[in-house]
Structures are given as C-alpha cells and as structure tokens.
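Only one structure is covered here, and it is reproduced in the block below.
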Amino acid sequence: MNIGDPAESPTPEVRRLVAGEFDEGPEYSTYRSRGTTDWLLVLTLHGSGHFSEIVVERGTVVLVRPGTPHDYGTVGERWHFRYAHLHPKPEWLPFLDWPEVAPGILCLQLTRVEKIADYLLDAARYQRFPLPQGEQLSVNSLEAALLWCDTHNPKAARIDDRLLRVVELIDQDLKTPLDLPALARAANLSVSRFAHLFREQLGVSPQQFVERRRLDAAARLLTLTTRSIASVAAEVGFTDPLYFSTRFRLHTGTSPTTYRRR
C-alpha cells in the first residue's frame, strides 16, 4: 500500500458465491488495492455510490472483474445495494460480457430492477437455507439474475420487450390459464405474430415454454416441500395429476415420486 492510500478492507472468502445486502450511510467505503479473485456484482436499489470515478444510482448494476482494484463507497447520504461475490460457471461467461466503463469495471442500466433485485435477494436467502440444496438454489437464483441482466445488455442478442412482459406474466402465477390467445393479448400482438416471434427469439413455442416453467417449478416444490403430488400439480397449473405425472416423467426422466425420493 502506498502512503496516502486508504486502509485495506477485509477480503471475503468465496468458495462459489457470497451474496447479501447493505444499506449504508455516508461513511461507507471499501478499498482493496489488488481487488479479489472473484467477480463482484452490485445492484444499486436506492441512493448513490461510486466505483472509482464512476457514480451509480438506482437501476445501475456493476460487475468488477477479478484483480481489478476495489475502490467503492457511498455518494451522498445513503447507498442501498445488493451484491454477489461469485466464481462463475464457464457457461456464465457470455453473460458477463457487459460494456466496460473503466478498466475492469462493467456496467448496465436496468429498466427491470425489481425482477433482478428479487433474484439477488433469493441468492442471499438460500445461502442460509437449512437444507443441502440451499447452495444450489442460491447459485440458480444468481444465474437467473445474470440472465435477466443479459436482457439489458446492448452487446447481447436482445429479446423483444413485449416477450419479456409475457415471460414475467407467466412466472407471476403458473396456476392461471396461460393459453396462446391470453399470452398474445398480453403482448398486444396477434396470435400468429406472437407465436412466430416467440419461437424465433426464445427457440421454443409459447406452449412449450409455459410447460417447462411449470415443470421446473414443480421440481422445486417436490424437493423443498412435503405437499402431495396432486397439490404440487395444482400449484403449477395442472388440473389432472395423472397428466402432470406423465409430462413430468418426460421432462425429467423420472416420476414425481421417484424425483422426490432422490
């Protein structure tokens, strides 16, 4: 450390992922002259902060590459943010190719703050989960946050905002009827145009997408709850438990009962 540099801040020990939340006053600052060996993601929820000379406000999400010096803190009276220190999976690296605003500092401006903030909250919450699946659930939540960040990345293939609204609608309530005409109305498109655009940009039909979302949600419920198979089926939008079991077996390669036992 050079004379006049701030005192070195503690460096977190990160095996795969450390996520959390801070709501700090004007005195908050962090300085690590050598950075860390992990990536750091920070989403500002309220107030303002800075990364070196870069000022961030609500809706700004920052990635700091490994080995980049850390010099960040509150600007003004308050900085409320959620964060994650992470060692990314290899398949995540394309999602981390954001515009670079300073050496080693990448940045996006979000229009869908709540969605990504919720996933980061889940990533932190599942770390404290009293089940062995907690770490993987935390990693899955962070992956979802990164995927949603990627929808705001000007360097990535963009998805039509109307389709993103439909995806959010699907995730909000899987029990509700989600037939093709209803989804097309939510996108304010004709049924034929909606179906074509959806398959073109997401690679599957709307009906296939809805079913995958429902079955993925069912798998989580089977893992984390003791609900009956019929109750799980109803919770994710299947009115017929037998049909649900058939589709679940095709999706996962095993029955709901065997999946839960494993």
Side-chain angles (χ1 to χ4, degrees), residues 1 5-25 27-75 78-110 112-113 115-128 135 137-153 155-156:
M1 182 172 69
D5 285 343
E8 290 281 334
S9 300
T11 298
E13 182 177 337
V14 181
R15 191 173 71 87
R16 293 184 67 184
L17 166 66
V18 173
E21 180 171 356
F22 284 135
D23 193 347
E24 299 292 338
E27 73 289 345
Y28 175 74
S29 65
T30 294
Y31 182 79
R32 302 182 183 107
S33 59
R34 297 183 180 181
T36 59
T37 59
D38 56 79
W39 293 71
L40 171 63
L41 180 148
V42 176
L43 169 62
T44 297
L45 300 176
H46 302 97
S48 301
H50 74 87
F51 288 83
S52 297
E53 303 301 319
I54 308 300
V55 175
V56 295
E57 297 179 334
R58 174 175 168 79
T60 305
V61 60
V62 168
L63 270 175
V64 183
R65 286 197 185 105
T68 302
H70 287 190
D71 181 8
Y72 57 87
T74 301
V75 172
R78 181 192 185 196
W79 189 24
H80 180 199
F81 60 90
R82 290 182 183 150
Y83 69 89
H85 287 272
L86 62 138
H87 291 291
K89 298 179 181 179
E91 60 266 30
W92 290 3
L93 294 177
F95 308 145
L96 307 182
D97 184 22
W98 299 1
E100 191 168 21
V101 295
I105 299 177
L106 318 178
C107 185
L108 294 175
Q109 190 63 41
L110 306 179
R112 300 173 186 275
V113 177
K115 170 72 71 174
I116 295 165
D118 286 347
Y119 279 121
L120 290 176
L121 182 63
D122 285 343
R125 181 165 58 90
Y126 285 133
Q127 287 186 324
R128 302 185 294 273
E135 181 181 61
L137 286 165
S138 181
V139 170
N140 289 348
S141 296
L142 179 62
E143 182 175 33
L146 291 173
L147 285 166
W148 278 101
C149 285
D150 201 47
T151 67
H152 294 77
N153 185 358
K155 299 176 69 175

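Everything numeric here is computed off the predicted structure, so don't read it as measured data.
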Does the side chain of I54 come within less than 4.5 Å of T60's, by heavy atoms?
-> no
Close side-chain approach of L110 to W148, heavy-atom, < 4.5 Å | no
Would you indicate whether E53, at its atom CD, is surrounded by more than 12 heavy atoms from other residues, nucleotides or ligands within a distance under 6.0 Å?
-> no
Supply the atom-to-atom distance T74 OG1 to H80 NE2, rounded to the nearest 0.5 angstrom.
-> 11.5 Å
Side chains of P99 and Q109: closer than 4.5 Å at any heavy-atom pair?
-> no
For the residue pair L17 and Q127, what are the closest heavy atoms and their distance?
-> O-NE2, 2.7 Å
Any sub-3.5 Å donor-acceptor pair from R58's side-chain atoms to L45's backbone N or O?
-> yes
About how many Å separate NE2 of H70 and OG1 of T36, when rounded to the nearest 0.5 Å?
-> 4.0 Å
Can you see which heavy atom on H152 is nearest to which on L108, and at what distance?
-> O-CD2, 3.9 Å
Could you please spell out the steps behind the side chain to side chain contact (heavy atoms under 4.5 Å, CB included) verdict for R16 and K89?
-> CA-CA 9 Å; R16 293 184 67 184; K89 298 179 181 179; 3.9 Å; yes
Any idea which heavy atoms bring G59 and V113 closest together, and the distance?
-> CA-CG2, 3.6 Å
Taking the side chain from H85 and the backbone from D38, do they hold a donor-acceptor pair closer than 3.5 Å?
-> no
Please indicate whether E13 has more than 12 foreign heavy atoms, meaning atoms of other residues, nucleotides or ligands, lying under 6.0 Å from its CD.
-> no
Specify the closest pair of heavy atoms between S9 and T30, including all atoms of both residues, with the distance to one decimal.
-> OG-CA, 3.5 Å
Could you check if a side-chain atom of E21 sits within less than 4.5 angstrom of a side-chain atom of R82, using non-hydrogen atoms only?
-> yes
Approximate separation, where rounding is to 0.5 Å, of D71 CG and S33 OG = 10.5 Å
When you measure from the side chain of N153 to the backbone N and O of D97, does any donor-acceptor pair fall under 3.5 Å?
-> yes
Parallel, tilted or perpendicular, as decided by the 30° and 60° cut-offs, for the rings of Y72 and Y28 = tilted
Can you name the one residue among Y83, W98, F51, F81 that meets side chain to side chain contact (heavy atoms under 4.5 Å, CB included) with V62?
-> F51
Closest contact, heavy atoms only, S141 versus D122 = OG-CB, 3.5 Å
Nearest heavy-atom approach of S138 to A123 is OG-O, 2.5 Å
Full working for side chain to side chain contact (heavy atoms under 4.5 Å, CB included) between L120 and L43 | CA-CA 9 Å; L120 290 176; L43 169 62; 3.9 Å; yes
Evaluate the side-chain proximity of L96 to L63: yes if any heavy-atom separation is below 4.5 Å, no if none is.
-> yes
Report yes if the side chains of R65 and W39 come closer than 4.5 Å at any heavy-atom pair, otherwise no.
-> yes
Do V75 and E57 have side chains that get closer than 4.5 Å, going by heavy atoms?
-> no
Count the heavy atoms belonging to other residues, nucleotides or ligands that lie under 6.0 Å from CZ of R125, then report whether that count exceeds 12.
-> yes
Side-chain donor or acceptor of E143 paired with backbone N/O of W92 under 3.5 Å = no
Are the side chains of L142 and L86 in touch, meaning some heavy atoms are under 4.5 Å apart?
-> yes
Under 3.5 Å, is there a donor-acceptor pair between the side chain of R78 and the main chain of S48?
-> no
Verify, without hydrogens or angle tests, whether E135 (side chain) and V139 (backbone) share a donor-acceptor contact under 3.5 angstrom.
-> no
